[in-house]
Q: 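What follows is a single structure, and I will ask about it in a moment.
Order of listing sets the numbers, starting from 1, for every ligand and every atom in it. Reckoned from all heavy atoms, side chains included, excluding hydrogens, waters and symmetry mates.
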Amino acid sequence: MVWARLLVDECCRLGVTYFCVAPGSRSSPLAEAAAANPRVTCISCVDERSLGFYALGYGRGARRPAAVVITSGTAMSNLLPAVVEASQDCVPLLILSADRPHELRDVGANQSINQVKHFGSFVRFDFDLPPATDEVPARMVLTTLDTAIFRATTDPYGPVHVNCPFREPLEAVRTEWDLECLEGLSQWMASASPFTTYIPSSTSSLLDGTATLYTSSQMKEVSSLIASASRGVIVAGGLNQSQTTWAVFKLAKHLRWPLVPDVLSGLRLASKEEDMDVKIIHNLDHVLLNPSLHPSVAPDIILQIGSRITSKRLSQFLQECSPRAYILVEEHPYRHDPGHRLTHRIKSSAGEFARFVMKELTEPEFPERCHSYGMWLHVLSDTVRREILFQLQAEATLTEPCIARIVSSSITTESAVFLGNSMPIRDVDMYADGLTDQQSLLGDQNLPAMVSIGANRGASGIDGVISTAVGFAAGSNKRVTLLIGDLSFLHDTNGLMFLTGREAQPPVTLVVVNNRGGGIFSLLPAAGLMPAVTFRNLISSEHDVHLDKLCHAHRINHILVQSKAELVRALQDSRTSTSSWVIEVASNIQKNANFHRFLQQAIHCHLDRVLPVLSRHVSADKKIIVAVETSPYSFPLTSRLTTGAAEFYRQGFLLRLVLNNGFSGYGEVAPLPGVHEEDLLDVEMQLSILCGKLTGVELPENVALLDGSFSQWLRTNLGPQAETIFPSVRCGLEMAALEALAASHNCSLLSVCNGRPSDVSICGLIDMSEGTPDDVASVAEQLVHEGFTTLKMKVARRALPTQDAAVVVAVRQRVGRSIHLRVDANRRWTLSQAVQFAEAVRECDIQYLEEPVNNHASLPAFLKQTQVRVALDETIDLNPSCFEKVLESAPLGNIVAAVIKPGRLGGFENAYMLCRLSLNHNIRPVISACFESSLSLAAYAQFAAFVDGQSPLPSVAHGLGTYAWIERDAVGRSFSSIVNKGIVSAGAVNAVASTLLQFNPPKPRARSFTSTVALGGYCFTFRVVEVASMLQEKQTVVFLHGFLGSAEDWLPVMHSLASSFRCLAVDLPGHGRASSVTGNLEAEWGLDVLSAALSELLEQLSEGSEIVLAGYSMGARIALYMALHKHQKIRAAVIVSGSPGLRDKQARIIRATQDDSLALSLRLGGLDNFVVNWYKRPLWKSLRRHPDFKNLIASRLAMHKGNEVALAGALSQLSVGRQPCLWEQLHTASIPLLVVVGKADEKFVSIASEMVYAFKTFDKGSALKVVRIDGSGHCVPIESPLLLVQALHSFMLGVGLN
Ligand SMILES: Cc1ncc(C[n+]2csc(CCOP(=O)(O)OP(=O)(O)O)c2C)c(N)n1
Ligand SMILES: [Mg+2]
């Protein structure tokens, strides 16, 4: 009765209120329900044939269906003539036939015939409901009827049939039902609307194919629902065209809703260079592993575009999260609603729908209500993404998730990918990363670059996959990479025949994950519940087929790969090959199942660890960095450093990072000679640029996650050059940032990272380069007396290893067995020396020997020969990837500790990654200092407490005993004062930073002035910006900017070089605020006239000293011209992204004309248009993605507003087409030239190579040096000042300046 009433009620809600009821018993529940419903009109007739025609007539007249209620058996057969007519003439009609339940079918039961699909092809929709039961959600009855009526009433209209089996008793008697089956119905019960509202799109104009109008009030309802969302999410299911995908992307951007992409949407593998306005949630699937997060990630409105979702976890979550509305947009009319949850079903293309919503909901009415929800999803997904990356990297062997990741990373936008069913498609969905810049070969249009992607997900068969993929390659005319399982491969080996003998068709690379069976089944709960043999033979179908021989039979290239590196190489090789390849990747079902479980567990734990920080990240007030200042320090040491450096003092910089909330954090940058590659001057230059660049930037709370978010933050704000920050600088910045956050929350660095305060034990450090064994033993005894239980001694300091050993033996005898003794050889011994030492201290029970040998290749041999426990230090400092190599080759178990120095490794985040890597191998991390001040020691102690708290192994003493070397500190309260018996409480170190003693940031030193040069009827007024060196008698560097630029472009570089050079920058005519040319205005002033004027200016500016002239782009051409015209004051020239001009006369004429017309467009079309179009050129591809780009545009507009005519003049006069070609003169240069180009600036990279060639031809190569700057395109001074400064500085040193 419940179902009958639901059916009748839903009919009424859908406008079907006219019921034609034939007599019968089985149909009595429906008849009764119809009669009981006040909205229903019933009519009856004993002849079902007549009743059918009567209903047909009603449908013809009303253009909406009548419902025919009919009993089982031939009663319904009598409806066939009416159904046929309705079908042929497109008249809506609904047949509700009662039936026997399944157990009474085909058993000779009375009045029972086969009613399923009774009307054959004459109905538009046909469905056999299950017998009414409480085991199925009741809403399924409603969605079935909604679909049926929709199909009956949309083109082509026609009859539909719902077969309704009823079990006895048929009369309305009370039975116990589990009310759970009514779940999800409350909204329906409270309203008068159908459960799922179907909305067809009506194309009003077929001619242009775009103008689709949704006029219905239902669409108004949809748009107001969208507008009311506060936790709206767009789910992009399988979409099959890039246009569709972009429509979804634009819609997400417009609504500012987070976008969850399925792997088949194209957006899951889209470019990683994220448009900041769209939050793409790549890893929601794994976020959902934490059920505790479900309430906070649950949306209130789901807008799903494209119905197929690969992830079962995501699909289930969407079914169960009870949104206010669940809207599905899909072009076909079918019911894709496995959970029976859709509230709105829009039959439409994504493009039409997106256009409608964007038109309906315009910007001002649409506040950023969903912003914080989107942020939340994004930070969760992002930290999961990083954790996945970490775990995949940390696992040395090639796992199936890693295969999916490597394969997805090998695809470019020029190729396509096809995904086999079972685990391949799921692994790519879960573990792929977005495309990198190198993979996006199609240029950018402010839309994400995407690869074409295909899969057979209609029925998800493992059959015919190879054949489909080869056909996909032919159809899309692209090289295809197919990722496929071994069983799927075997299922379609005939498909291999398509790979040979196809003329001029794109090749296919088949990556076969051979786990020798159906790996997917081992991931199911049933796997462990069945006898193993049954499972192997009948479920996972394990086999031992030789795939190589199958390939051989088909004459197809085959390669077997076992490791990450081999897979990467095989994919690279196949990409450049013109034939198809089968890359067989060896895997193992059990290992794969274990790794999947491990990965999911790791992500679960990771989320637990980071959640408090993430919650703060989305809820805390915005923190803006208002200043980053540095102050140099120098403090005396008690004795010489153990690194062997000669000095008795320590130098570095203190860093203060001030936030807009008034709180500050302090950091320390102190490169240690002999340990760091950078020196003080290097870090000073970087700091000067970084302090400027980070001012005004938001400091997000998630930098405290220690999961890679700090790196991401640097990259977001500094662009690719962030990778080039020196480790000591990076560590100081991170320390200051974390301390500033800690200060804002009135807590410690430790708790800002969500660590628990605990005691940190510290190891006493003994320098034993001098003194007798007895002397050293006395020092050790003293330290033990102070409370230390672990001591570390520097060995390899004496002439013979046996002498070092003698000291260790003496110490051991003096301090007794209860004290841990470590020794550190700092890679000073050969293998045989180290072995000699190890033999001599065999009885000393050394905790570990750090870095025994001078070459890490001989470490395995040392471990084999001696059985001594070893710790790694410099080996991991030099290159963390060495760690993996050492672990691969060394017998495990004997490497027991890793010495981890945040100062050397580039900060806490990097250090923590290494800690986790070592912990994965049961190696204990020992946090150590590089002889920094107490400020760093306090931070390191908290970090050590954090690491101990995350480690499953018992903690060991950390290497912070260097405080004993500090004689006078940079902070008032020294670290030594809080160390008690070799232990420091992480809770107590908090106070150290607040007692900073000296902090004197140097004042900014820029000024500007104008200088006038009169020359042959012209009067040039130049505005000059000067950043003076603090020191006297320094060389002068004069900078010239590029077109549209100004002297200010060079300020970061100038500040950075200011401690070594006097730096000046000139505004070129037409640019900047005050520079101008007056006088002979009719005549042309070209490069030659300007150069003469600049020569005169240099004369004025030089103050008698020589000058280095550095120019960028247009400025570079001027600098080169002047350099080649032998201006006597110019000592050297730097050409950044510059060229010697055009060789071909015709090309020069064309270029001059082009520049003239550009100049005209600037004058007529205005500055705004001009600037926008100028930066759309391919030359600026990487600049457009640089974080400074938006500011750059704003400053260009502000700088040149009102100055268009002069600017246009400069564009014409200084056109490459008007300047003389300098190629032939290059070899005449008599001063050193430095040519700098961005590596991504292909055009100028090749110009630079040609310049070298032009030089070499005349045997002068040594005077022209080319530097290619990593991570930069054309605009090097903006994109990569950090590396540019280094290049300039070393060039100037090289040519004997400074
Ligand atoms: C034609 C067909 N038969 C059977 C299935 C059921 N099925 C789904 S996955 C799978 C195992 C696939 O094994 P493999 O291709 O090696 O992938 P793996 O599970 O190892 O990732 C099977 C038999 C199917 N989807 N299609
Ligand atoms: Mg398999």
Q: So is Pro424 polar-close to ligand 1, meaning N/O to N/O under 3.5 Å?
A: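 No, Pro424 has no N/O under 3.5 Å of an N/O on ligand 1.
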Q: Which protein N, O or S atoms does the Mg ion (ligand 2) have within a distance shorter than 2.8 Å?
A: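 You should have found Asp486 OD1, Asn515 OD1, Gly517 O.
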Q: Using the side-chain hydrogen bond (donor to acceptor under 3.5 Å, both in side chains) definition, which of the options Asn421, Thr310, Asp262 pairs with Arg457?
A: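 Option passing the side-chain hydrogen bond (donor to acceptor under 3.5 Å, both in side chains) with Arg457: Asn421.
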Q: How far is atom 15 (O) of ligand 1 from its nearest protein heavy atom, and which residue and atom is that?
A: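 Looking only at protein heavy atoms, the one closest to atom 15 (O) of ligand 1 is Ser488 OG, 2.5 Å.
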Q: Around atom CZ of Phe498, are there more than 12 heavy atoms from other residues, nucleotides or ligands closer than 6.0 Å?
A: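 For Phe498, atom CZ is not crowded (no more than 12 foreign heavy atoms under 6.0 Å).
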Q: Identify, by atom number and element, the atoms of ligand 1 in contact range of Ser460, meaning under 4.0 Å from any of its heavy atoms.
A: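 The list of qualifying atoms is 25 (N).
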Q: With only distance considered, is Asn515 within less than 3.5 Å of ligand 1 through an N or O on each side?
A: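 Among all N and O atoms of Asn515, at least one is under 3.5 Å from an N or O of ligand 1.
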Q: Of all the non-hydrogen atoms in the protein, which one sits nearest to atom 3 (N) of ligand 1, and at what distance?
A: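 Its nearest protein heavy-atom neighbour is Ile462 CG1, 3.7 Å.
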Q: In terms of residue, atom name and distance, what is the protein heavy atom nearest to atom 16 (O) of ligand 1?
A: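 In this structure, atom 16 (O) of ligand 1 has Asp486 OD1, 2.7 Å as its nearest protein heavy atom.
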Q: Atom 9 (S) of ligand 1: which protein heavy atom is closest, and how many Å away?
A: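 Of the protein heavy atoms, Ser422 OG, 3.4 Å lies nearest.
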Q: What atoms of ligand 1 come closer than 4.0 angstrom to any heavy atom of Gly519?
A: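 Listed by number with element: 18 (P), 19 (O), 20 (O).
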Q: Which atoms of ligand 1 sit under 4.0 Å from any heavy atom of Gly518?
A: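 Every atom of ligand 1 under 4.0 Å from some heavy atom of Gly518: 11 (C), 13 (O), 19 (O), 20 (O).
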Q: Would you give the length of the straight line joining atom CG of Leu129 to atom CG of Asp99, rounded to the nearest 0.5 angstrom?
A: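 Output value for this atom pair is 10.5 Å.
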Q: With salt bridge (charged side-chain N to carboxylate O under 4.0 Å, His left out) as the test, would you mind laying out the steps for Arg105 and Asp128 before giving the verdict?
A: CA-CA 13 Å; Arg105 293 182 186 175; Asp128 182 30; 3.2 Å; yes
Q: Looking at non-hydrogen atoms alone, which of Asp463, Ile425, Asn456 comes nearest to atom 1 (C) of ligand 1?
A: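 That would be Asp463.
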Q: In sequence, state the C-alpha distance, the side-chain angles, and the governing distance for Arg916 and Glu387, and then conclude on salt bridge (charged side-chain N to carboxylate O under 4.0 Å, His left out).
A: CA-CA 11 Å; Arg916 295 189 64 196; Glu387 180 65 13; 2.8 Å; yes
Q: Which of the atoms in ligand 1, numbered in the order shown and given with their element, are less than 4.0 Å from a heavy-atom of Gly461?
A: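 Here the atoms of ligand 1 in question are 25 (N), 26 (N).
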Q: Short list, please: which atoms of ligand 1 are under 4.0 Å from a heavy atom of Met423?
A: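 Reading through ligand 1 atom by atom, the close ones are 21 (O).
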Q: In terms of side-chain geometry, is the basic nitrogen of Arg426 or Asp429 positioned less than 4.0 Å from the acidic oxygen of its partner?
A: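 No, no charged N to carboxylate O under 4.0 Å.
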Q: Going by atom types only, do Thr399 and Lys591 share a side-chain donor-acceptor pair under 3.5 Å?
A: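 Lys591 and Thr399 do not have a side-chain donor-acceptor pair below 3.5 Å.
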Q: Indicate yes or no: at least one non-hydrogen side-chain atom of Leu560 is less than 4.5 angstrom from one of Asp548.
A: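 With C-beta onward as the side chain, the pair stays apart.
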Q: Ring centres under 6.0 Å, that's the criterion: do His294 and Phe317 meet it?
A: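 Ring centres of Phe317 and His294 closer than 6.0 Å.
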Q: Looking only at distance, does Asn421 have an N or O less than 3.5 Å from an N or O of ligand 1?
A: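 In this structure, Asn421 places no N or O atom under 3.5 Å from an N or O of ligand 1.
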Q: Would you check whether Glu400 has a nitrogen or oxygen atom less than 3.5 angstrom from a nitrogen or oxygen atom of ligand 1?
A: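 Between Glu400 and ligand 1 (N or O atoms, distance only) the closest approach is not under 3.5 Å.
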Q: Within a distance of under 4.0 Å, is there any protein heavy atom near atom 12 (C) of ligand 1?
A: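 So atom 12 (C) of ligand 1 has protein heavy-atom neighbours under 4.0 Å.
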Q: Given Glu330, which of Ser348, Ser307, Ser349 fulfils the side-chain hydrogen bond (donor to acceptor under 3.5 Å, both in side chains) condition?
A: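 Answer to the side-chain hydrogen bond (donor to acceptor under 3.5 Å, both in side chains) test with Glu330 among Ser348, Ser307, Ser349: Ser307.
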Q: What I want to check is whether the side chains of Asn592 and Ser587 have a donor and an acceptor closer together than 3.5 Å.
A: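 No, no side-chain donor-acceptor contact under 3.5 Å.
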Q: Ile388 pairs by side-chain contact (heavy atoms from CB on, under 4.5 Å) with which of His286, Gln393, His282, His606?
A: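 Going through the options one by one, the only one that passes is His286.
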Q: Among residues at least two apart in sequence or on other chains, which ones pass side chain to side chain donor-acceptor pair (under 3.5 Å) with Ser577?
A: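 Here the qualifying residues are Ser579, Trp581.
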Q: Yes or no: does Gly517 have any heavy atom under 4.0 Å from an atom of ligand 1?
A: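 Yes, Gly517 has a heavy atom closer than 4.0 Å to ligand 1.
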Q: Does the structure place the NZ or CZ of Arg335 under 6.0 Å from the centre of the six-membered ring of Phe150, at an angle of no more than 45° from the ring's axis?
A: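 Judged by the rule, Arg335 and Phe150 form no cation-pi pair.
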Q: Quick one: look up the protein heavy atom nearest atom 22 (C) of ligand 1 and list residue, atom name and how far away it is.
A: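 Scanning the protein heavy atoms, the shortest distance from atom 22 (C) of ligand 1 goes to Phe521 CZ, 3.5 Å.
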